[in-house]
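For ligands, and for the atoms within them, numbers begin at 1 and follow the listed sequence.
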Amino acid sequence: MSEFDYDLFVIGGGSGGVRAARVAAGEAGANVALAEEDRYGGTCVIRGCVPKKLMVFASEFAALPSEAQSYGWDMSLGEFDWPTFCGHLNTELDRLEGIYRSLVKNSGVDSFDARATIKDPHTVELSTGETFTAKHILVATGGHPVRPDLPNAHLGLVSDDIFHLKALPKSILIIGGGYIACEFACILNGLGVEVTQYYRGAQILRGFDDEARGLIAESMKEAGIDLHLGTNILEMAAAAERPKGNTGGTGSDAAMGASVKSSEDLLPSTGEKGEAVWVKASNGKEAVFDAVLFATGRDPNSRDMGLEDLGVELGRRGEIVVDEYSQTKVPSIYAIGDVTNRVNLTPVAIREGMAFVETVFKSNPTPVDHELIPSAVFTQPELGTVGLSEEAARDQEEIEVYCTSFRPMRTAFANRPDRVLMKLVVSKATRKVLGCHIVAPGAGEMIQLAGIAIKMGATKEDFDRTVAVHPTMSEEIVTMRSPMRSA
Ligand code: NDP
């Protein structure tokens, strides 16, 4: 008989927490409980990857009729109905949440719909007033989007709000140049919203390969997104209350003054009043938008849980500091996923959860492998990437760069200007492929497979001796004979 109520208490029912709980219970036979204060599935399922990807699919249909016409189809673009889409989306999210709940239940985990705080290294207190003891506590509470520290910033939406809009705005200003900013810029543009994007840096998608970033930025502008680099938001106010002397539409920018009227239809279902927003940019220009979206990063959900009081170390943004086994400074408390702000991706949180179970419940100490993680940015076109960018690789060692950019067959036939990019960054010394960067429709699907070869340590010559699949875009990845440059 254990001295604790549970072997493991998991806080957070997102991808990482649910996986750790059910593997610990189902495979390791542990006595496990899990508390979730919101919906099961976490950011990924409820307000992130899944609804976002379904919105990507919805937005891509906009380009289909004109392309189909080039192929001989009599097809025209009808109206997009946001409420219809949202109805189907919510049904799907309910279905997925149900699956998550039953996975937890069927693996014998006790689940609690409650907020949990940690009272001492082995005690969890729930918002219901119940307390439970556990030999191990796993914090998997994820993160949340943040607004910049700016007067009236509450007037801006964050990514969570997008899925609750009653109607799409006519115009939107997106602040930021990361994953979320660029993905939503493309999605909303595809759905017919006039999109303006301000990014404070010199090029969007900081940290990714420069050539890939350049092509995505060009493609986004080509598609009609009004992208302003080196530009940030300076001031904002409700359009009706903009500072005196400001007209809200003084220049040539397409979005300026485009829709000054306050849109009652825009009310988020949170009950907050949706109103047009006046914005002054760092370049001095002013404009009014139906909505502003802050895609300015996410912070870990680690505050007000009692962690600091127990001696669990938090970093500058509130991330829980853990070692390679996801263990905090308090030996009985572990943390995985976005709350640790290591690599904030769903499959990584799941891996961290599995490694935690191996280490703690299967006597098999398993450090989390964060090397060569393939990932995709679902812009249009998509970016698929694994390994080092050209810039990071050349700081490390001598490299060769194999690269090609071309118009893909499908859209070239329809006379569209789209270009794709295939790029390999290769070590001169070992011939290993250090990085692969693909900008193309379906790049997310391609990079998953390229990622296997690269994780196995494939050399450029391994790629070369693989026969091309013809006619495809990805065949170019095995047919690039001469380096474009060395560095
Ligand atoms: P990111 O950190 O990727 O991007 C934040 C952006 O906001 C950056 O461009 C940053 O600029 C800018 N920014 C930050 N603070 C300010 C400010 N005060 N004023 C103006 N701009 C500001 O965060 P995201 O929110 O886009 O995404 C969070 C994480 O979620 C990602 O890192 C990723 O791990 C994950 N994610 C993954 C997806 C995928 O796999 N497809 C999709 C969506 C999210 P600067 O570059 O100058 O710092």
Write out the residue and atom name of the closest protein heavy atom to atom 42 (C) of ligand 1, then the distance separating them to 0.1 Å.
E183 OE1, 3.3 Å
Is it true that D304 and R115 make a salt bridge, defined as a side-chain N closer than 4.0 Å to a carboxylate O?
no
Suppose I only count heavy atoms of K52 and a 4.0 Å limit; which atoms of ligand 1 are within that range?
41 (N), 42 (C)
Which atoms of ligand 1 have any heavy atom of A376 under 4.0 Å away?
39 (C), 40 (O), 41 (N)
Please check if any side-chain donor atom of S326 sits under 3.5 Å from a side-chain acceptor atom of R342, or the reverse.
yes
Assign the ring pair F85 / F80 to parallel, tilted or perpendicular, where the plane angle (0 to 90°) is split at 30° and 60°.
tilted
Classify the side-chain pair E324/H370 by whether it contains a donor and acceptor separated by less than 3.5 Å.
no
For ligand 1, which atoms have a heavy atom of L345 less than 4.0 angstrom away?
37 (C), 40 (O)
I would like to know whether R101 and D113 meet salt bridge (charged side-chain N to carboxylate O under 4.0 Å, His left out); could you show each step before the answer?
CA-CA 11 Å; R101 277 186 182 275; D113 289 321; 3.2 Å; yes
re atom 48 (O) of ligand 1, the protein heavy-atom contact at minimum distance is R206 NH2, 2.8 Å
Quick one: which ligand 1 atoms are inside 4.0 Å of a heavy atom on G297?
5 (C), 23 (O), 25 (O)
Note: D161-R147 ion pair, threshold 4.0 Å (strictly below):
yes
N/O of Y199 under 3.5 Å from N/O of ligand 1, yes or no?
yes
Compute the shortest N/O to N/O distance between P148 and ligand 1 and return yes if it is under 3.5 Å, no if not.
no
Give a yes/no on ligand 1: does S375 have at least one heavy atom closer than 4.0 angstrom to it?
no
Closest non-hydrogen contact found for F163 with R47 is CE1-O, 3.3 Å
Quick test: of every protein heavy atom, which one is nearest to atom 44 (C) of ligand 1, and how far off is it to 0.1 Å?
I180 CG1, 3.6 Å
With a cut-off of 6.0 Å (strictly less than), are more than 12 heavy atoms of other residues, nucleotides or ligands near CZ of R410?
no
Is there a nitrogen or oxygen of G176 sitting under 3.5 Å from a nitrogen or oxygen of ligand 1?
no
Numbering as shown, the atoms of ligand 1 that approach N344 to under 4.0 Å (heavy-atom distance)
33 (C), 34 (O), 35 (C)
Distance-minimising heavy-atom pair for A153 and F294
O-CE1, 3.4 Å
Report yes if some N/O of G178 lies less than 3.5 Å from some N/O of ligand 1; otherwise report no.
yes
If you have a sec, work out which protein heavy atom is nearest atom 28 (C) of ligand 1 and how many Å separate them, to one decimal?
R298 CD, 3.7 Å
Please list, in number order, the atoms of ligand 1 under 4.0 Å from a heavy atom of A295.
5 (C), 6 (C), 7 (O)
Which atom names give the shortest non-hydrogen contact between V420 and P408, and what distance separates them?
CG1-CG, 3.7 Å
Nearest non-hydrogen protein atom, atom 9 (O) of ligand 1
G177 N, 2.8 Å
Shortest protein heavy-atom distance from atom 38 (C) of ligand 1, along with the residue and atom involved:
Y179 CD2, 3.0 Å
I need the contact type for N232 against ligand 1. Using non-hydrogen atoms and a strict under-4.0 Å cut-off, is it side chain, backbone, both or neither?
side chain
Atom 17 (C) of ligand 1 sits nearest the protein heavy atom R200 NH1, 3.5 Å
